Amino acid sequence: MNVLFVASEALPFAKTGGLADVIGALPVFLRKLGVSVNVLMPRYRGIEGSPGERLTIDIGKSIEVGMYDKEGFIFIDHPSFYDRDGLYGTARGDYKDNCERYTLLCKAAVEIARRNDIDIVHCHDWQTGLIPLYLKNQKSDVKTVFTIHNLGYQGRFPSHKFDLLGIEKGYFTPDGIEYYGDINFLKAGIVYADRVTTVSENYALEIQTPELGFGLDGVLRQRKNDLSGIINGIDYEVWNPASDALIPEPYADFQGKQHNKICFNQECNLRCDHPVIGMVSRIADQKGFDLIIKIFDDIMKLGFNFILLGVGDEAYHRKLKQFEQVYPSRVSINLKFDEKLAHRIYAGSDFFLMPSQYEPCGLGQLISLKYGTVPIVRQTGGLADTVTEFDSAGQTGNGFLFKSYTPNALLDALSRAYQAFTNSDSFASLSERCMQYDFSWDESAKKYKRLYESL
Ligand code: ADP
């Protein structure tokens with residue numbers, strides 16, 4: 001079976017969030033199952049390679065693109081579109097030509113699928129949403145799977161861009177890709193793909209409700225017979241405290257973890273006598289920063305240290321930085337993207353915080369479990385599928401959850417976590433139990449393979 005993945009980011013080449021982890025890892029596990037997979041993505045700045053074939057693609061005007069093949073990846077090269085500082089935009093906002101940039105990716109994907117005898121194109125997120133439409137429009141035999149990694153990002157563009165898509169006006173209707181007068185790439189993927197998936201079973205249900213459907217719940221309900229959830233996995237070659245070269249000292253038990261915690265707190269110039277909450281996150285509304293900011297002083301009063309690594313919304317950046325000035329020996333705010341520091345936070349924290357408004361799957365909590373770092377999460381999406389409340393009496397559960405999206409509910413979960421921390425024997429066994437969970441890709445890769453076979 002010949003599968004072409006198309007995505008806008010993938011490790012080890014370009015990453016802003018969990019999508020890149022998934023696209024970097026899942027093909028490796030599918031290949032182990034005998035599925036032939038190549039990944040198509042844009043050639044962003046810094047991706048090396050030597051020129052191969054050239055294609056001419058029409059997006060209202062003819063565009064010449066180069067193709068670069070490298071170890072299971074095919075890069076689409078068009079420097080004026082992709083050789084930029086950011087992937088999707090700058091701190092000031094999205095690039096104004098994202099419609100053109102990702103239409104080019106979709107059209108190139110369709111052409112590459114045709115030339116390479118592809119059976120299935122597996123499309124990921126809005127940037128690839130036009131591919132199923134184009135293939136249906138050509139009455140192609142190639143089947144499509146469209147995976148939603150985050151329904152909150154839809155690729156909405158004004159209708160005056162429609163002509164560059166190169167399809168008949170008949171597609172621009174509420175049954176097609178129109179969404180309140182705009183073009184909606186994500187909707188195109190949902191409407192025209194043969195199968196639609198998302199990245200946890202719980203999120204597959206939640207997105208069919210008005211609360212978490214981002215205006216597309218009706219469209220998703222229409223596709224409910226073709227919609228399923230497959231939980232993301234973790235690549236334990238990358239995320240494994242026992243072999244992690246990026247942390248102070250690899251470890252496989254609680255004692256080893258404590259050593260990392262002390263080294264890491266010292267590195268951050270923080271006091272070592274407090275439980276540490278770590279966060280590695282895009283700084284966006286979705287991730288619950290409004291709640292954290294409202295109760296930050298209470299978090300300090302409870303007695304936690306707080307270490308954050310993240311980048312995103314500048315309004316949050318400013319507020320979070322202020323806390324570092326108020327609590328210099330207990331708070332470390334790192335506003336950047338830094339793979340090494342991320343590993344050190346997963347290893348050097350006692351708790352990992354994800355108070356998300358919604359969370360399709362969430363990788364942070366899965367990584368933190370492997371590092372024995374106890375997750376404190378909101379009970380939503382994939383977080384609810386993977387974290388269960390700790391019960392000290394029965395010594396069951398792997399974290400702390402809160403349901404209602406309110407500062408008090410979060411504070412309550414944090415208090416329970418702090419309480420658990422004060423019983424050091426019980427906390428050590430909780431941490432070690434977390435390390436035992438297996439969220440590897442093996443099972444989920446099998447599910448994707450079965451889905452491909454069903455097509
Ligand atoms: P999302 O995909 O919504 O951003 P996930 O929890 O699914 O959230 O995945 C986030 C991934 O990105 C994790 O691998 C996390 O470690 C990583 N990450 C997020 N922000 C940063 C950052 N500033 N530096 C390094 N890694 C980051």
Side-chain angles (χ1 to χ4, degrees), residues 152 200 202-203 205-206 209-212 214 274-310 312-313 315-327 330-333 345 349-362 364-365 368-369 373-394 396-423 426-427 430 434:
S200 68
N202 193 30
Y203 195 60
L205 297 174
E206 287 175 344
T209 66
E211 295 74 40
L212 289 175
F214 279 96
H274 292 267
V276 177
I277 294 175
M279 275 188 91
V280 181
S281 175
R282 284 185 295 112
I283 299 185
D285 288 339
Q286 178 201 339
K287 299 295 183 178
F289 284 97
D290 56 334
L291 296 188
I292 296 169
I293 286 166
K294 281 190 190 124
I295 58 163
F296 203 87
D297 292 323
D298 298 304
I299 297 176
M300 293 292 107
K301 270 188 217 132
L302 269 177
F304 289 106
N305 281 0
F306 184 84
I307 303 183
L308 167 72
L309 169 63
D313 188 328
Y316 287 128
H317 284 193
R318 273 194 302 279
K319 287 184 190 142
L320 291 160
K321 257 306 189 204
Q322 283 166 5
F323 294 128
E324 193 179 52
Q325 281 153 14
V326 180
Y327 304 99
R330 308 223 351 244
V331 174
S332 170
I333 304 291
I345 291 179
S349 308
D350 298 293
F351 296 98
F352 193 79
L353 180 59
M354 293 179 77
S356 309
Q357 285 175 4
Y358 70 95
E359 195 58 73
C361 174
Q365 85 282 14
S368 80
L369 284 168
T373 303
V374 180
I376 303 170
V377 306
R378 178 143 181 272
Q379 194 177 347
T380 183
L383 298 172
D385 280 351
T386 54
V387 180
T388 49
E389 181 75 20
F390 171 61
D391 170 34
S392 61
T396 55
N398 61 8
F400 298 89
L401 294 122
F402 66 103
K403 194 160 181 120
S404 89
Y405 189 78
T406 58
N408 279 345
L410 169 58
L411 194 56
D412 193 53
L414 290 166
S415 309
R416 279 181 274 125
Y418 193 90
Q419 189 59 36
F421 181 82
T422 56
N423 182 339
S426 154
F427 187 75
L430 167 59
C434 288

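From a predicted model like this one, the values you see are computed outputs, not experimental measurements.
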Val280 side chain near Phe352 side chain, heavy-atom distance below 4.5 Å: yes

side-chain contact (heavy atoms from CB on, under 4.5 Å) assessment of Val377 paired with Ser356: CA-CA 7 Å; Val377 306; Ser356 309; over 6 Å; no

Least distance between heavy atoms, Pro375 atom then Cys434 atom: CD-SG, 4.5 Å

Contacts of type side-chain hydrogen bond (donor to acceptor under 3.5 Å, both in side chains), residue Asn423, not counting sequence neighbours: none

Set of side-chain contact (heavy atoms from CB on, under 4.5 Å) partners for Ser349, sequence neighbours left out: Val276, Ile345, Thr373

All pairs passing salt bridge (Lys or Arg N to Asp or Glu O under 4.0 Å) where residues 403-418 contributes a residue, at least two apart: Glu389-Arg416, Asp412-Arg416

Residue from Leu353, Ile283, Val331 passing side chain to side chain contact (heavy atoms under 4.5 Å, CB included) with Leu308: Ile283

Separation between OG of Ser332 and CZ of Phe306, rounded to the nearest 0.5 Å: 10.0 Å

Verdict with reasoning, Leu411 to Leu302, per side-chain contact (heavy atoms from CB on, under 4.5 Å): CA-CA 9 Å; Leu411 194 56; Leu302 269 177; 4.1 Å; yes

CG-CE distance between Leu401 and Met354, expressed to the nearest 0.5 angstrom: 12.0 Å

Under the ring-ring contact (aromatic ring centres under 6.0 Å, His included) test, residues paired with Phe390 that sit two or more places apart: Phe400

Which residues share a side-chain hydrogen bond (donor to acceptor under 3.5 Å, both in side chains) with Glu324, sequence neighbours left out: Lys321

Atom pair CZ/CZ of Phe421 and Phe427 - distance to nearest 0.5 Å: 6.0 Å

For Phe323 against Ile293, the heavy-atom pair lying closest together: CZ-O, 3.8 Å

Partners meeting side-chain contact (heavy atoms from CB on, under 4.5 Å) with Tyr418 (sequence neighbours left out): Pro275, Phe304, Thr422

Nearest non-hydrogen partners of Gly397 and Leu430, listed with the distance: O-CD1, 3.7 Å

Spatial distance of atom CD1 (Ile277) from atom CD1 (Ile376) [nearest 0.5 Å]: 5.0 Å

Of all pairs that satisfy salt bridge (Lys or Arg N to Asp or Glu O under 4.0 Å), the ones with a partner from residues 284-293, not counting sequence neighbours: Lys287-Glu359

Rounded distance (nearest 0.5 Å) linking atom OG of Ser368 with atom CG of Asp350: 11.5 Å

For Asn305, all residues meeting side-chain hydrogen bond (donor to acceptor under 3.5 Å, both in side chains), sequence neighbours excluded: Asn265, Arg330

Donor-acceptor pair between Gln365 and Thr386 side chains, under 3.5 angstrom: yes

Check: Asp385 side chain, Asn202 main-chain N or O, donor-acceptor pair, under 3.5 Å: yes

Using distance only, find each side-chain donor-acceptor pair of residues 294-301 under 3.5 Å and give its atom names and separation, not counting sequence neighbours.
residue	atom	partner	partner atom	Å
Asp297	OD1	Tyr327	OH	2.5

Check: Asp391 side chain, Thr396 main-chain N or O, donor-acceptor pair, under 3.5 Å: no

Flag, side chain of Arg378 to backbone of Gln357, donor-acceptor distance under 3.5 Å: yes

Residue list, side-chain contact (heavy atoms from CB on, under 4.5 Å) with Thr209, at least two apart or on another chain: Glu211, Leu212

Distance (rounded to the nearest 0.5 Å) between Met279 CE and Phe351 CZ: 15.0 Å

Qualifying residues under side-chain hydrogen bond (donor to acceptor under 3.5 Å, both in side chains), relative to Thr406, sequence neighbours excluded: Ser404

Close side-chain approach of Phe289 and Pro355, heavy atoms under 4.5 Å: no

Pairing residues for Phe214 by the ring-ring contact (aromatic ring centres under 6.0 Å, His included) criterion, not counting sequence neighbours: Tyr358

